[in-house]
Colleague: 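Mind having a look at this structure? Questions to follow.
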Amino acid sequence: MARRKKLYEGKAKILYEGPEPGTIVQYFKDDATAFNAEKRDVIEGKGVLNNRLSEFFMTGLNTIGVPTHFMKRLNMREQLVRQVDIVPLEIIVRNYAAGTLAKRLGLEEGTALPRPIVEFCLKNDDLGDPLVAEEHIIAFNWASQQDLDDMVALALRVNDFLSGVMYGVGIRVADFKIEVGRVYDGDYQRLIIADEISPDSCRLWDIETGQKLDKDVFRRDLGSLTDAYTEVARRLGVLPNAAPHYTKPTLIN
Ligand code: CDP
């Protein structure tokens, strides 16, 4: 078999040249990093779970008309995606205070926010992905005003989808990060969701117990990361041979 050309290796994924022009193979590694890669480990099986979970979320988004780069899953660790020009921003959506927002504004973790808040960080590991304002984004030409409006609209649609799907299996989406990329149809360009959507890039809390089911388990040494991700996959019915989770019906008097 011909060796594929490696295009890029990141902290959790490797990108290879795809079989057709305009396609890429995204390989999910087992590497876990946190605090800008100061904490790192290899968590066996994480890549397999994230490949499946990202497939699940991206397929759902494609189906409801939120465009993503996802084309199909190829095997346990790889998926075929559309090649995009990545916008050098991380788009964070928050429903509950946690992480850097809780620290920055002195909010108690878990505080419900008055409405979903969309933030932008510059993708730059050397600088620790700093928070940037729309002013910076426009001034430095990382994205146009139209792109900004489109990114906020996409991010809020992803939030409604993710929050709704996860609510159905008893999980609260406290926050998450997405990335978007540009694709070109002739002269026309548009933004689509790229990268991955998985418990590596979300904060997921059990609605009843508050148990963390995301990468905070690794960041804060709260137990087995694969157990947490497996639980998310099991509830969503994503794992083969696993019964999906149904929330208990609430009786109204
Ligand atoms: O995760 P951390 O506390 O460093 O930063 P945050 O700004 O509170 O992160 C908000 C959300 O974005 C969390 O769900 C993170 O997992 C996610 N995120 C990410 O996936 N990648 C980053 N480079 C930064 C945040």
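Everything numeric here is computed off the predicted structure, so don't read it as measured data. Both counts, for ligands and for their atoms, begin at 1 and track the order of listing. Sequential numbering from 1 along the given sequence is applied to the chain's residues.
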Colleague: At a 4.0 Å threshold, what atoms of ligand 1 neighbour a non-hydrogen atom of D129?
Modeller: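 Listed by number with element: 23 (N).
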Colleague: Under a 4.0 angstrom heavy-atom cut-off, which atoms of ligand 1 come close to R94?
Modeller: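 Every atom of ligand 1 under 4.0 Å from some heavy atom of R94: 6 (P), 7 (O), 8 (O), 10 (C).
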Colleague: Using a 4.0 Å heavy-atom cut-off, which part of E119 comes near ligand 1: side chain, backbone, both, or neither?
Modeller: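 E119 to ligand 1: no contact under 4.0 Å from either part.
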Colleague: Applying a heavy-atom cut-off of 4.0 Å, say which part of I92 lies close to ligand 1: side chain, backbone, both or neither.
Modeller: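 Looking at I92 and ligand 1, just side chain atoms fall under 4.0 Å.
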Colleague: One residue to check: D200. Relative to ligand 1, which of side chain, backbone, both or neither has a non-hydrogen atom less than 4.0 Å away?
Modeller: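 The part of D200 near ligand 1 is the backbone, not the side chain.
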Colleague: To the nearest 0.5 Å, how far apart are CG in N95 and CZ in R115?
Modeller: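 Between N95 CG and R115 CZ, I get 12.0 Å after rounding to 0.5 Å.
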Colleague: Taking non-hydrogen atoms only, is E90 closer than 4.0 angstrom to ligand 1 via side chain, backbone, both or neither?
Modeller: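 Only the side chain of E90 comes within reach of ligand 1.
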Colleague: Between C202 and ligand 1, find which residue part has any heavy-atom pair under 4.0 Å and reply side chain, backbone, both or neither.
Modeller: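 It is the backbone that gets close, since no side chain atom is under 4.0 Å.
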Colleague: In the single-linkage hydrophobic clustering (I, L, V, M, F, W, Y; side-chain heavy atoms under 4.5 Å), do I91 and F140 co-cluster?
Modeller: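 They do share one cluster, since a chain of ILVMFWY contacts under 4.5 Å joins I91 to F140.
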Colleague: Quick one: which ligand 1 atoms are inside 4.0 Å of a heavy atom on G99?
Modeller: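 By the 4.0 Å cutoff, the relevant atoms are 3 (O), 8 (O).
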Colleague: For residues L162 and L213: do they belong to one hydrophobic cluster (side chain heavy atoms under 4.5 Å, members Ile, Leu, Val, Met, Phe, Trp, Tyr)?
Modeller: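 They do share one cluster, since a chain of ILVMFWY contacts under 4.5 Å joins L162 to L213.
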Colleague: Do the side chains of E17 and K6 get close enough for a salt bridge, i.e. N-O under 4.0 angstrom?
Modeller: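 Not counted as a salt bridge, because no side-chain N and carboxylate O are separated by less than 4.0 Å.
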Colleague: Out of E179, K215, E109, R219, who is nearest to atom 16 (O) of ligand 1 when you count heavy atoms only?
Modeller: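 Comparing heavy atoms across E179, K215, E109, R219, the nearest one to atom 16 (O) of ligand 1 lies in R219.
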Colleague: Assess, by modelled atom type and distance only, whether the side chains of N51 and E78 contain a donor and an acceptor separated by less than 3.5 Å.
Modeller: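 No.
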Colleague: For atom 14 (O) of ligand 1, grab the closest protein heavy atom and report residue, atom and distance to one decimal in Å.
Modeller: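 Sorting protein heavy atoms by distance from atom 14 (O) of ligand 1 puts D175 OD1, 2.5 Å first.
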Colleague: Rounded to the nearest 0.5 Å, what separates atom CG in L15 from atom OH in Y27?
Modeller: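 Taking CG in L15 and OH in Y27, the distance rounds to 13.0 Å.
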Colleague: What is the closest protein heavy atom to atom 5 (O) of ligand 1, and at what distance does it sit?
Modeller: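 That would be T100 CG2, 3.5 Å.
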Colleague: Give the cluster check for L148 versus V66: same hydrophobic cluster or not, with ILVMFWY residues linked at side-chain heavy-atom distances below 4.5 Å.
Modeller: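 Yes, one cluster joins them.
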Colleague: Which protein heavy atom lies closest to atom 17 (C) of ligand 1, and at what distance to 0.1 Å?
Modeller: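 Result for atom 17 (C) of ligand 1: K177 CB, 3.6 Å.
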Colleague: Could you tell me whether R220 atom CZ has more than 12 heavy atoms of other residues or ligands within 6.0 Å of it?
Modeller: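 Buried by this count: over 12 neighbours within 6.0 Å.
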Colleague: What's the separation between atom CD in E196 and atom NE2 in H69, rounded to the nearest 0.5 Å?
Modeller: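 So the CD of E196 and the NE2 of H69 are separated by 8.5 Å.
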Colleague: Starting from atom 3 (O) of ligand 1, find the nearest protein heavy-atom neighbour and note its residue, name and distance.
Modeller: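 Residue, atom and distance for the closest contact: R203 NH2, 2.9 Å.
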